[in-house]
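Note sheet for the following structure.
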There are 2 protein chains.
Amino acid sequence: MSARPRSATGKARLSTTKVALVEAAVDVLRAEGFAAATARHLAERAGCNQGLVFYHFGSVNELLLAAMDHVSAERRARYDAAIASVHSPSELIELAVRVFSEDVASGDAALLVEMIAGSVSNPELGTAVKARVEPWSEFATGALRAAFERSPLLGRMGADELADAVVALYLGLELLSHLDRDTTKAIAVFEKVRSLSSLADLLAPRLP
Amino acid sequence: MSARPRSATGKARLSTTKVALVEAAVDVLRAEGFAAATARHLAERAGCNQGLVFYHFGSVNELLLAAMDHVSAERRARYDAAIASVHSPSELIELAVRVFSEDVASGDAALLVEMIAGSVSNPELGTAVKARVEPWSEFATGALRAAFERSPLLGRMGADELADAVVALYLGLELLSHLDRDTTKAIAVFEKVRSLSSLADLLAPRLP
DNA sequence: GTCTATACTTGGATAGAC
DNA sequence: GTCTATCCAAGTATAGAC
């Protein structure tokens, strides 16, 4: 292993090119989809040579997974920070609506959908993607369990099934939004869900 | 235009090869996804030459759209037949759960998702796919409006938003099922929705 | 770490014989 | 209507110079 390049301040940093490739992959997956994420196109976006995709990541798919990890880490930090202030079902719904709206607007949701749909034709990639999606289902399950702890709703539905339904709704609304090239539908559904928040609180007492 | 080939009985029929290509496209989209739907692979499945894709359809994408139309027609006939016997919200939910389960099991849902996700990288294909998805949203809206006509639920939610949410749930559950290579989650959510049927009837009187 | 060059493969699409 | 042959573009991946 050679020494890492260092910035003018002497602080260690990662290879700029490697980071640029990850960011290019994020951009392309968000805006142009899985099919457009080729080594040549990605390298062009990153302003470097095509061969560096293989030098740094070994394969295009590995770069794509790195891009997934990159946005996952950002999203997870954002979600964790937001969930701390949730103490009721309606607050959880408010939060969910807000982060979903942000993810659809930023393209993070699109990236996720493209990786899932794209990995269908490649079993190996599929299992790697699956491993990266599962934490989100678990996050949703935990958040629902905490917020609806004392609600009779989960007795009927089950936190796991409700979490799966929420994740599915997230992914499906993203598909529809991308098809329309317009987030009107998703926002309308989100707003309606938000307007049901008050109802949720009626069914569950406020947590301590 | 040359005369159509005729079977031994003298009945006019479409070119067998053309039909075989459509069926091959349906199979490949269902099981292997958009990325695997290449002219060569499709022709191999259909047992004919690759050049015939372009002779019969002009391009791969046109063949894919023909495949979409083929399954859409079948699904629509199935849905229309089933909707005739629906006279209450709970019956509509039962029906929805049944046809969704069938579509996920058969792969028709996967075909739809692959075409939507795949068309992201091709705006022209995207608009063609969009035109083929819209009838389904409209079908859902109409079915919801009819079944929930007298229910206070739609006053809160709106048939359009509810229809979009239903379609999104359908597409999202398909994505999760394909990722898991297993329909357990989707079926579990479906069953939970079904168990809520009785609740829906309490909120809406039975239609004449 | 990065670039150029290149080998190899696969895919879209067309021309022409049958 | 179908096949063979072929062209061309685009993709993955590697070797070797700098």
Side-chain angles (χ1 to χ4, degrees), chain A residues 1-8 12-25 28-29 32-67 114 118-125 128, chain B residues 1-8 12-25 28-29 32-67 114-115 118-119 121-125 128:
Chain A
M1 287 294 231
S2 60
R4 290 236 177 99
R6 284 167 184 280
S7 68
R13 61 179 172 80
L14 289 171
S15 157
T16 342
T17 300
K18 195 168 180 177
V19 172
L21 277 170
V22 170
E23 283 167 359
V28 169
L29 282 172
E32 300 167 76
F34 184 85
T38 69
R40 283 185 155 88
H41 191 210
L42 263 19
E44 189 189 24
R45 280 292 191 99
C48 74
N49 187 269
Q50 170 256 144
L52 293 179
V53 169
F54 304 95
Y55 173 79
H56 285 296
F57 298 94
S59 71
V60 174
N61 282 348
E62 285 300 316
L63 168 52
L64 265 26
L65 290 171
E114 284 298 312
S119 69
V120 167
S121 44
N122 185 335
E124 278 182 39
L125 183 60
Chain B
M1 288 292 229
S2 60
R4 292 234 177 102
R6 286 170 181 277
S7 69
R13 63 179 172 81
L14 289 170
S15 157
T16 338
T17 300
K18 194 167 180 177
V19 172
L21 278 169
V22 171
E23 282 166 359
V28 168
L29 283 172
E32 299 167 75
F34 184 85
T38 68
R40 285 184 156 86
H41 190 209
L42 264 18
E44 189 189 25
R45 280 292 193 99
C48 74
N49 188 270
Q50 171 254 143
L52 293 179
V53 169
F54 304 96
Y55 174 79
H56 285 294
F57 299 94
S59 71
V60 174
N61 282 348
E62 284 301 315
L63 168 53
L64 265 27
L65 289 171
E114 284 298 313
M115 287 299 290
S119 70
S121 44
N122 185 335
E124 277 181 40
L125 183 60

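Here is how names work: the chains are called A, B, and so on, in the same order as the sequence lines, proteins then strands, and each is numbered from 1.
Distances shown here put every side-chain N or O of B:H41 at or beyond 4.0 Å from the OP1 or OP2 atom of C:dT10.
As a whole-Å value, the separation of A:E44 CD from C:dT2 P is 18 Å. Atoms CZ (A:F57) and P (D:dT14) sit 16 Å apart, rounded to a whole Å. To the nearest angstrom, P of C:dT4 lies 10 Å from CG of A:L52. Across the protein-nucleic acid pair, B:L21 atom CG and D:dT2 atom C1' stand 12 Å apart, rounded to whole Å. If you measure from atom NE2 of A:H56 to atom P of D:dA13, you get 16 Å, rounded to the nearest angstrom.
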Per-nucleotide protein contact along nucleotides 12-18 of chain C, 5' to 3', at a 4.0 Å heavy-atom cut-off (B base, S sugar-phosphate only, - neither), is BBB----
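Residues B:V60 and B:V53 have side chains in contact (heavy-atom distance under 4.5 Å, counting atoms from C-beta outward). Looking at heavy atoms from C-beta onward, A:L65 lies in side-chain contact with A:L125 at the 4.5 angstrom threshold. Using a 4.5 Å cut-off on side-chain heavy atoms (C-beta onward), B:L64 and B:M115 make contact.
Of the possible donor and acceptor atoms, none in the side chain of B:Q50 sits under 3.5 Å from a partner among the backbone N and O of B:A43.
Under a cutoff of 6.0 Å and an axis angle of 45°, B:K18 and B:F57 form a cation-pi pair.
A:L42 and A:L21 make their closest contact through O-CD2, 4.1 Å (heavy atoms, listed as atom of the first residue, atom of the second, distance).
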